[in-house]
Amino acid sequence: MIKVCKFGGTSMADAKAMTQAKKIIESDPSRRFVVVSAPGKRFKDDIKITDMLYKCNKEVLECGSCENSFSLIRTRFIEIVKDLGIDLEIEEILKETQQAIEQKKSADFAASRGEYLSARIFAAFLGVEFVDCAEMVRFDRHGRLNDDYTDDKVASRLANVERAVIPGFYGKNFQGEIKTFSRGGSDITGSIIARGVKADLYENWTDVSGFLVCDPRIVPEAKAIKQITYKEVRELSYMGASVLHAEAITPVMKRRIPINIKNTFKPEDKGTMIVPNDQYKQEENQSVITGIAGKKNFTVLLIEKSMMNAEVGFIRKVLSVVEHYGVCVEHLPSGIDTLSVVLESEQLKNGVLTEMVNEIRENVNPDYVHVIENISLIATVGHGMAMRSGTAATLFNALAKENINIRMIDQGSSELNIIIGVSNNDYEKCIGAIYKAFI
Ligand code: ASP
């Protein structure tokens, strides 16, 4: 049995948290490979090491040195090493790190040092080998993970290693320079390592006891999700559930390795198990829906043209305009004579929206293009939905009862979710109403 454990920023935030993580690892000999984040927040207004490191790089670019910003990082790591009571030349390691940040002038390199330092310290604390992810994780020339290369490297590098600590979040690009994943990317590293060593389980240790059905800031009594499928997690993470990086599912999914989200500070809690579809047991969850997640600030372009359905290439022409502006399409619900293009408002700033709409008018000659702004998208996700009737009815009745006006509906083709668009002002009320109706 092999388990890969990833410990997040709060689990690495200080000596006390690291001691707790060590206890967890040592209580189970199958926990052989440990992936760590950089130290995160110790309290609400604390600053994450990664954020401090981005600041270091900015300072280097502005004035050639990062002494001001780096001094806080130095103090924090020295304190951790002192409190852990380990024998590690941390001052020397920090000096080299600062010099490298000043010399390389790369935001990715600077940011990666949080995980690097965290892993060096934690490996010394556990008394196990430190293996740098830069030796194994490789990106291609388009910045995408080079799956085959990385998988082979992880397998061969760790083949004869009994136990190791590995930093998360970064790898090398095709030119051999350090490149990071997007924020929260240590989750992806953990998944890559789990796949490479053919682990039986990927444990993701964080500061909450798994996924909750919805955001507890909106519904304080939100229940934990005991079991969920890979695909449902993809949907929820993409729509804003922040427990796990949305891209962390893909590597383990191919090898069908389950992920267990666990709480470092409440290790006795079972957490959430993320499993393939055929291992999903409906009876584990009490409801036909698994979770509700959403995001604010979308813009809908409602395009209407009579006989649109008979016009060959209509949708392609509209999408070419959107593509021309480098904007991603989030959803594309359509009717006989209407097409709604749902876009993230953030991407339409600085006049892009007006120009894009004008170009659509010129290119496809619609009857009208109506722009609806300040829309929130809310996804109600549930693997069980496809097999049951009445889910949509329950959902829409609940919203009608609360007088919430639905501006858009899109049911994913996988029948895994129903996405609705409502005004930003109705966002919280809408999530509350859905929760109440199903849970
Ligand atoms: N330290 C990085 C971040 O703050 C990556 C991670 O923690 O997963 O985004």
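The model shown is predicted, which means the values in this text are computed figures rather than measured ones. No hydrogens, no waters, no symmetry mates; every other heavy atom, side chains included, goes into these values. Residue numbers run from 1 in the order of the sequence given. As the structure lists them, so they are numbered: ligands from 1, and atoms in each ligand from 1.
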* **Lys3 and Asp200 ion-paired at < 4.0 Å** => no
* Asked: How would you list, by chain and number, every residue that makes a salt bridge (charged side-chain N to carboxylate O under 4.0 Å, His left out) with Glu373, sequence neighbours excluded?
  -> none
* To do: Using atom types as modelled and distance alone, determine if a side-chain donor or acceptor of Lys295 lies under 3.5 Å from a backbone N or O of Tyr238.
  => yes
* Using a strict cut-off of under 4.0 Å between a residue heavy atom and any atom of ligand 1, list the qualifying protein residues by chain and number. => Ser37, Thr50, Glu115, Phe169, Arg183, Gly184, Gly185, Ser186
* To do: Decide, yes or no, whether a salt bridge links Asp151 with Arg138 under the criterion of side-chain N to carboxylate O below 4.0 Å.
  => no
* **ring-ring contact (aromatic ring centres under 6.0 Å, His included) pairs, two or more places apart, involving residues 81-118** => Tyr116-Phe130
Contacts under 3.5 angstrom, residues 163-172 side chains, donor-acceptor by atom type, not counting sequence neighbours:
| from | atom 1 | to | atom 2 | distance (Å) |
| --- | --- | --- | --- | --- |
| Tyr170 | OH | Asp132 | OD1 | 2.6 |

